[in-house]
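Structure record follows, encoded as structure tokens.
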There are 2 protein chains.
Amino acid sequence: MNVNEAMELLKEKGYKHTGKREDMLHFFEKEKRYLSAKDVLECLQSEYPGMSFDTIYRNLSLFAELNILEETELEGEKRFRFSCSTTQHHHHLICLECGKTKHINSCPMDSIRQQFPDFQVTGHKFEIYGKCQDCNEITKVDSN
Amino acid sequence: MNVNEAMELLKEKGYKHTGKREDMLHFFEKEKRYLSAKDVLECLQSEYPGMSFDTIYRNLSLFAELNILEETELEGEKRFRFSCSTTQHHHHLICLECGKTKHINSCPMDSIRQQFPDFQVTGHKFEIYGKCQDCNEITKVDSN
DNA sequence: CTACATGCAAATTATTTGCACTTTT
DNA sequence: AAAAGTGCAAATAATTTGCATGTAG
């Protein structure tokens with residue numbers, strides 16, 4: 001998924017092309033990590049001073065519904081990231097300092113489904129939290 | 001972990017023995033599943049008509065801090081369940097209809113840590129959502 | 001009688017919604 | 001124009017906090 005494909009999808013579905021939408025998507029494409037509504041607002045407010053949370057929230061929900069963004073909930077906040085659904089199903093290591101993510105292609109669900117055939121699985125969440133290599137190095141430097 | 005052990009732990013740490021705390025713990029022990037603050041309030045209000053959310057929330061946080069309860073976040077709400085930490089590390093299948101849970105002893109983290117030695121893991125979440133066998137059967141009956 | 005526990009009311013935080021106005025198409 | 005997008009202000013909803021009072025040890 002990239003910004004052009006996303007805008008194309010929006011057009012197909014009858015949603016309009018606005019600068020705010022495009023800029024939101026560009027921000028997500030550039031960051032490649034989970035962002036909160038606040039992150040997005042802060043980024044877009046330089047460009048659009050009157051920009052409000054409502055618009056951010058409405059568009060985030062819309063994008064998530066269309067699978068343009070992946071959604072998760074982290075520390076009591078919804079977070080979104082540009083969808084990597086063109087690649088195979090996967091999970092992430094998430095750095096709690098900088099938000100950077102790393103893909104994990106292996107998914108433990110296959111074996112789980114076999115183990116519990118009576119449980120009808122509708123979804124799952126597998127996320128690993130911690131500190132990425134870069135953030136770890138910064139800490140080391142700081143404490144010297 | 002059981003209610004007596006939990007009350008013992010509270011006493012050790014200098015927290016007081018109150019009927020509300022004990023009843024909260026009994027409720028968790030009986031239910032063996034993830035419960036929201038609201039669930040707990042509804043249960044305790046019959047016994048303690050004046051019972052307020054504050055007390056529930058304060059005690060839930062306390063119990064979680066002392067590892068008497070396990071905490072997770074599900075559909076925008078914090079949920080707690082009686083801790084099974086005496087048994088080995090594990091995860092759950094969670095029925096979104098009735099809240100019932102099933103243990104999974106296997107944890108995918110061991111292999112993940114090996115795969116990403118540069119990422120300092122501080123936590124992880126692995127939860128499987130769906131419909132348990134009982135709830136599935138109820139649906140079948142309903143639709144007849 | 002002292003520290004912890006609780007209720008009340010008010011504050012916080014993230015998110016959603018109704019309504020009037022403004023853009024896209 | 002018509003449909004969709006947006007800002008504003010107000011409403012929710014879950015959770016937290018300050019303060020005065022109550023209660024267990």
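Proteins get letters first, then strands, A, B, ... in listed order; numbering begins at 1 in each.
Rounded to an integer number of Å, the gap from CD of B/Q45 to C1' of C/dG7 is 12 Å. Regarding A/K13, its NZ atom lies at a distance of 23 Å from the P atom of C/dT24, rounded to whole Å. If you take NZ of B/K20 and P of C/dC4, they are 18 Å apart, rounded to a whole angstrom. Atom CG of A/L41 and atom P of C/dA14 are 12 Å apart (whole Å). Rounded to an integer number of Å, the gap from CG of A/L62 to C1' of C/dT17 is 17 Å. Summarising the geometry, the separation between CG on B/D39 and C1' on D/dT15 is reported as 15 Å, rounded to the nearest angstrom. The nearest whole Å value for the distance from the CE atom in B/M7 to the C1' atom in C/dC4 is 13 Å. One atom, CG of B/D23, and another, C1' of C/dA5, lie 15 Å apart when rounded to the nearest Å.
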Practice problem: Test A/S36 against A/K78 for side-chain hydrogen bond (donor to acceptor under 3.5 Å, both in side chains), laying out the working first. | Solution: CA-CA 6 Å; A/S36 67; A/K78 289 187 184 162; over 6 Å; no
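Counting only distance, with no hydrogens or angles, the side chain of B/N59 and the backbone of B/I56 share no donor-acceptor pair below 3.5 Å.
Using a 4.5 Å heavy-atom cutoff, the side chains of B/K131 and A/F119 are not in contact. Contact of the A/C132 side chain with the A/C98 side chain is registered, since non-hydrogen atoms from C-beta on lie closer than 4.5 Å.
Ring to ring, A/H91 and B/H124 are not that close: their centroids are 6.0 angstrom or more apart. A centroid separation of less than 6.0 Å is found between the aromatic rings of A/Y34 and A/H92.
In terms of phosphate contacts, A/Y57 brings no side-chain nitrogen or oxygen within less than 4.0 Å of OP1 or OP2 of C/dT16.
There is no side-chain donor-acceptor pair under 3.5 Å between A/K20 and A/T55. Between the side chains of A/T101 and A/K32, no donor N or O sits under 3.5 Å from an acceptor N or O. Side-chain atoms of A/E22 and A/H17 include a donor-acceptor pair closer than 3.5 Å.
One end of the helix from C/dC1-D/dG25 to C/dT25-D/dA1 points its axis 30° away from the other end's axis, with each axis taken from 5 pairs and the angle rounded to 10°.
Backbone-only engagement by B/K78 is indicated by non-hydrogen atom pairs under 4.0 Å involving sugar-phosphate atoms exclusively.
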Practice problem: Determine, for nucleotides 18-25 of chain D in 5'-to-3' order, which nucleotides have protein heavy atoms under 4.0 Å from the base (write B), from only the sugar-phosphate (write S), or from neither (write -). | Solution: B-----BS
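Along DNA chain D, the nucleotide nearest A/T55 and the nucleotide nearest B/K38 are compared for position; the residue whose nucleotide lies closer to the 5' end is A/T55.
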